[in-house]
Structures are given as C-alpha cells and as structure tokens.
Amino acid sequence: MPIANDLLFADAASVPVTLHRPARTPAATPVRWPVEAVQALLDKPFNELLFEAQTVHRTHFPEGDIELATLLSVKTGGCPENCGYCPQAAEYDTGVQAQKLMEVDEVVRAAQAAKDAGATRFCMGAAWRAPKDRDVEKVAVLVEAVKGLGLQTCATLGMLEPHHATQLKAAGLDYYNHNLDTAPEYYDDVVSTRTYQDRLDTLARVRAAGISVCCGGIVGMGEAPVHRAGLIAQLANLDPYPESVPINSLVRVPGTPLADSEPIDPLDFVRMIAVARITMPTARVRLSAGRQQLGEAVQALCFMAGANSIFYGDKLLVTGNPDVEADVQLLRKLGLHARRTSEPERCA
C-alpha cells in the first residue's frame with residue numbers, strides 16, 4: 001500500500017523519519033529507505049554509485065534487455081488540472097488543442113504499428129482529472145482491443161474510483177500509470193488542484209484491483225536535492241514498490257508555469273536513475289520524458305546506471321521523443337537488445 005504521515009524507524013539505523021503514508025498502514029511497518037539514506041546514495045562519488053547500481057541491476061536483470069514501451073495520447077488537451085509542467089492543462093496557452101477520445105480503430109492501428117516496431121507495452125494517456133463512468137467504459141473497449149494484439153496494456157487517465165480500477169482490470173489492463181511527480185513537501189509548488197493523498201489513494205485502488213503500478217516522477221522542476229531524495233523514498237517505500245518507475249526530466253514547454261525552470265544537471269539525472277535502481281531493484285526503471293535533450297552519452301550512462309525501459313516512438317503524449325530509428329541505432333551502438341516478449345517477467 002502507499003505510504004502515510006507516521007513517525008517510523010529505519011531497519012538498521014533506527015533513525016526517525018516522517019513519510020506520507022495512508023492512515024490504514026500500521027505505524028509499526030518499517031521504512032526500508034528513509035530520506036536520509038536515499039540522500040546519502042545520491043551524494044556518493046559518481047563512479048561508486050554507478051558500480052553499486054550496475055551490480056544490483058545485473059543481479060536482478062541478468063539478461064540486460066531493454067523494454068520498449070509506446071505511449072499514445074488517446075484524449076488530448078482540455079485538462080482542468082493546473083500541473084505546472086503540463087501543456088495539456090486548459091488554463092495554459094501552449095498551443096495544444098482539446099480533442100475528443102480517439103476511436104477504437106485509430107488506437108488499434110497505432111498499437112499495431114508500435115508492435116511492428118518492437119514495442120511490447122502500449123500505454124494510453126487521456127487528459128482527464130478523473131474519468132467519468134462513461135469514459136472508463138470507452139477506455140475499457142480500447143484496452144480489450146490492444147490486449148487482443150498481444151501487447152501489455154497500460155493507461156493513465158487521472159484519479160480513479162475503486163469500481164473504475166476493477167472495470168479496467170476486467171478489460172485486461174496490465175499497468176496503470178499515476179506519477180507522484182515529486183516529494184510531498186514540494187508538491188504544492190507544482191499543482192494545487194489535487195493533493196498528494198489523492199495520488200496515493202488512486203495507487204491504492206489500482207493495487208487493490210490487481211493491476212500493476214507504473215509510478216515515478218519528474219526532476220528539473222526547480223526542486224531542491226532533498227526533494228529528489230524524498231521522491232525516491234516515497235516510491236521505494238510503497239508496499240510493494242512500483243513494477244515500473246518512469247524517471248522524467250522536465251520538458252520545458254512555453255506557456256506552462258515551469259517553462260523557465262533550471263534544467264537538471266545531466267549527471268544528477270543519471271544519479272536519479274542509479275538510486276531508483278538500487279532502492280527498487282526489480283522494477284523496470286524507465287527513461288521517459290526529456291530523453292531527447294539528454295543526448296546519446298548521457299542515455300548510455302543511464303543504461304549503465306540501471307535504466308532498462310524507454311518510451312519508444314516520435315512523441316510522448318504531446319512532446320517530442322527520439323524517433324524509432326535513432327533508438328534502434330543507439331541500442332545497436334551500445335550492444336543492448338530489446339525485450340522480445342510482452343509476457344510477465346520473472347526477475348532474479
């Protein structure tokens with residue numbers, strides 16, 4: 001289950017730590033990764049950190065393959081949320097026009113093209129704060145159609161009610177993406193139309209329905225280093241931690257409040273990947289938004305640090321992404337190979 005504001009103690013050091021945890025979680029549940037421990041990892045000498053992350057990675061993913069996932073915006077723009085990073089928010093003038101939900105045949109064509117290009121997971125994103133019953137019914141049809149192609153299915157639709165999660169599970173949804181974005185202490189600087197607890201509640205409902213969790217965050221939004229450590233601690237202390245952890249570097253879109261944020265140092269981004277790998281050893285750690293700005297050398301370091309999933313295709317919702325051919329060439333240069341199956345994997 002996701003985590004609450006209880007005073008907990010670390011396993012080894014008995015250091016008191018305050019984390020955001022739902023009230024139903026027993027106070028005696030140990031925190032595996034207090035913020036201080038995560039910060040200590042982020043502060044390690046770079047080579048030592050990468051060696052530790054690579055050791056963990058090889059232990060749990062001995063095949064060393066890269067999962068290719070494709071993300072399609074099935075309902076674009078017009079979102080009533082005010083997330084400071086998002087070009088789909090209705091109140092920001094970013095040039096993104098609101099569109100209705102795509103038809104089934106359009107989505108199936110896109111999913112088939114993604115499969116033909118080597119993707120094993122197909123993610124569908126809709127710009128809603130929280131879908132209505134009729135919206136979930138339509139998305140369930142999309143999930144069934146994509147599942148019928150032999151792909152893993154993922155959706156990100158905003159906040160879910162319990163019956164929505166159950167309905168999506170019945171349709172064949174494998175993963176639900178709902179990012180925490182940042183540490184709870186910095187969250188109000190990013191969005192005010194929903195709370196951190198709203199996000200944790202949705203994750204709990206997804207878990208209760210038996211759907212795997214895809215959950216990560218964004219760096220480069222003006223947060224302090226302690227907030228980056230706090231984000232990783234939140235993710236790593238979810239019980240269980242997410243099966244997929246997308247780490248995003250902010251794509252600064254003109255018209256959004258965070259457009260002028262100072263970019264994260266590329267090596268600090270690599271550190272985030274490494275610490276995510278160490279603290280969540282069996283998760284697929286995904287290079288997500290902002291990969292286009294990283295360049296090949298930094299992406300190579302991210303793979304060395306334990307990233308083993310990428311979003312694959314020319315667009316990530318409504319922002320640019322390295323194209324398929326560029327990704328194929330990069331993986332070939334690095335001697336990496338793509339995961340070949342959409343079946344559930346068994347980590348070592």
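Hydrogens, waters and symmetry mates are skipped; everything else that's a heavy atom, side chains included, is used.
Under the 4.5 Å side-chain criterion, counting only non-hydrogen atoms from C-beta, Phe269 is in contact with Leu294. In this structure the side chain of Pro240 reaches within 4.5 angstrom of the side chain of Arg207, judged on heavy atoms. Side-chain contact between Ile247 and Leu287 is absent, with no heavy atoms from C-beta onward closer than 4.5 Å. Considering only heavy atoms from C-beta on, Ser192 stays 4.5 Å or farther from Asp188 through its side chain. Contact check for Glu296 versus Leu334: no side-chain heavy atoms found under the 4.5 Å cut-off. Side chains of Arg121 and Arg286 form a contact here, defined as non-hydrogen atoms less than 4.5 Å apart. Pro131 is not listed as a side-chain neighbour of Val139, based on a closest heavy-atom distance of 4.5 Å or more. Side chains of Val146 and Gln152 form no contact here, defined as non-hydrogen atoms less than 4.5 Å apart.
The minimum heavy-atom distance between Gly64 and Leu336, with the atom names listed, is O-CD2, 4.2 Å. Residues Thr279 and Ile232 approach most closely at OG1-CG2, 3.5 Å, considering heavy atoms. Nearest heavy-atom pair across Pro246 and Asn177 is CG-ND2, 4.0 Å. Smallest separation of non-hydrogen atoms from Ala155 and Tyr176: O-CD1, 3.2 Å. For the pair Leu151 and Phe122, the tightest heavy-atom approach, listed with the atom from each and the gap, is CD1-CB, 4.0 Å. When every heavy atom of Ala183 is checked against every heavy atom of His227, the shortest pair comes out as CB-O, 3.3 Å.
Counted by atom type alone, Asp135 and His164 present zero donor-acceptor pairs between their side chains at under 3.5 Å. Side-chain N/O atoms of Arg284 and Ser309 include no donor and acceptor closer than 3.5 Å.
No donor-acceptor distance shorter than 3.5 angstrom exists from the side chain of Asp201 to the backbone of Asp198, with no hydrogens or angles considered. With hydrogens and angles ignored, the 3.5 Å screen pairs no side-chain donor or acceptor of Thr256 with any backbone N or O of Arg252. Of the possible polar contacts, one joining the Asn237 side chain to the Trp33 backbone as a donor-acceptor pair under 3.5 Å is found. In terms of modelled atom types and a separation under 3.5 Å, the side chain of Arg205 and the main chain of Leu160 share a donor-acceptor contact. Here the side chain of Glu243 pairs no donor or acceptor atom with the backbone of Ser212 at under 3.5 angstrom. Using modelled atom types, no side-chain atom of Gln234 and backbone atom of Leu231 make a donor-acceptor pair closer than 3.5 Å. Side-chain N or O atoms of Asn248 include one that pairs as donor or acceptor with a backbone N or O of Gly217 at under 3.5 Å. Although no hydrogens or angles enter the test, the distance criterion places no donor-acceptor pair under 3.5 Å between the side chain of Arg129 and the main chain of Cys79. In terms of modelled atom types and a separation under 3.5 Å, the side chain of Lys147 and the main chain of Thr153 share no donor-acceptor contact.
Enclosure of atom CG in Asp260 is not indicated, since only 12 or fewer non-hydrogen atoms of other residues, nucleotides or ligands lie within 6.0 angstrom. In the displayed structure, Met159 atom CE is contacted under 6.0 Å by more than 12 heavy atoms of other residues, nucleotides or ligands. No more than 12 heavy atoms of other residues, nucleotides or ligands lie within 6.0 Å of CD in Glu63, so this atom counts as exposed by the packing criterion.
With rounding to the nearest 0.5 angstrom, the OG1 atom of Thr70 is 7.5 Å from the CG atom of Leu68. The line from CD1 of Ile264 to CD of Glu223 is 6.0 Å long, rounded to the nearest 0.5 Å. Here CZ of Phe51 is found 15.0 Å from CZ of Phe46. Values are rounded to the nearest 0.5 Å. Distance CD1/Ile218 to OG1/Thr182: 8.5 Å, rounded to 0.5 Å. Distance check: Arg109 CZ to Leu72 CG gives 11.5 Å after rounding to the nearest 0.5 Å. Taken to the nearest 0.5 Å, the CZ atom of Arg339 stands 9.0 Å off from the CZ atom of Phe61.
Applying the side chain to side chain contact (heavy atoms under 4.5 Å, CB included) test between Met124 and each of Val143, Leu157, Leu101 identifies Val143 as the sole match.
Ion pairing between a basic and an acidic side chain is recognised when a charged N comes within 4.0 Å of a carboxylate O; Lys169 and Asp174 show no such pairing. For Asp327 and Arg291, the salt-bridge test passes: some basic side-chain N is under 4.0 Å from an acidic carboxylate O. In summary, Arg199 and Glu81 do not engage in a salt bridge, as defined by a charged side-chain N under 4.0 Å from a carboxylate O.
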Verdict with supporting geometry, Tyr241 and Thr282, side-chain hydrogen bond (donor to acceptor under 3.5 Å, both in side chains)
CA-CA 9 Å; Tyr241 56 75; Thr282 64; 2.8 Å; yes
Please test Leu41 against Glu52 for side-chain contact (heavy atoms from CB on, under 4.5 Å), starting from the C-alpha separation and ending with a verdict.
CA-CA 10 Å; Leu41 283 175; Glu52 182 175 348; 4.0 Å; yes
Checking Leu331 against Phe303 for the side-chain contact (heavy atoms from CB on, under 4.5 Å) test, could you report, in this order, the C-alpha distance in whole Å, the side-chain angles of both residues, the deciding distance, and whether it holds?
CA-CA 10 Å; Leu331 294 181; Phe303 291 129; 4.2 Å; yes
Set out, in order, the CA-CA distance, both residues' side-chain angles and the distance that settles side-chain contact (heavy atoms from CB on, under 4.5 Å) for Asp268 and Arg228, then state yes or no.
CA-CA 10 Å; Asp268 286 341; Arg228 296 172 190 164; 4.0 Å; yes
Walk me through whether Asp181 and Tyr186 qualify under side-chain hydrogen bond (donor to acceptor under 3.5 Å, both in side chains).
CA-CA 9 Å; Asp181 289 346; Tyr186 192 65; over 6 Å; no
Would you tabulate the side-chain donor-acceptor contacts of residues 271-278 under 3.5 Å, counting partners in other chains and residues two or more places apart, or write 'none'?
| residue | atom | partner | partner atom | Å |
| --- | --- | --- | --- | --- |
| Arg271 | NH1 | Leu42 | O | 2.8 |
| Arg271 | NH1 | Lys44 | O | 2.6 |
| Arg271 | NH2 | Lys44 | O | 3.3 |
| Arg277 | NE | His57 | ND1 | 3.4 |
| Arg277 | NE | Gly306 | O | 3.1 |
| Arg277 | NH1 | Met280 | O | 3.3 |
| Arg277 | NH1 | Pro281 | O | 2.9 |
| Arg277 | NH1 | Ala283 | O | 2.8 |
| Arg277 | NH2 | Ala283 | O | 2.9 |
| Arg277 | NH2 | Gly306 | O | 2.9 |
| Arg277 | NH2 | Asn308 | OD1 | 3.2 |

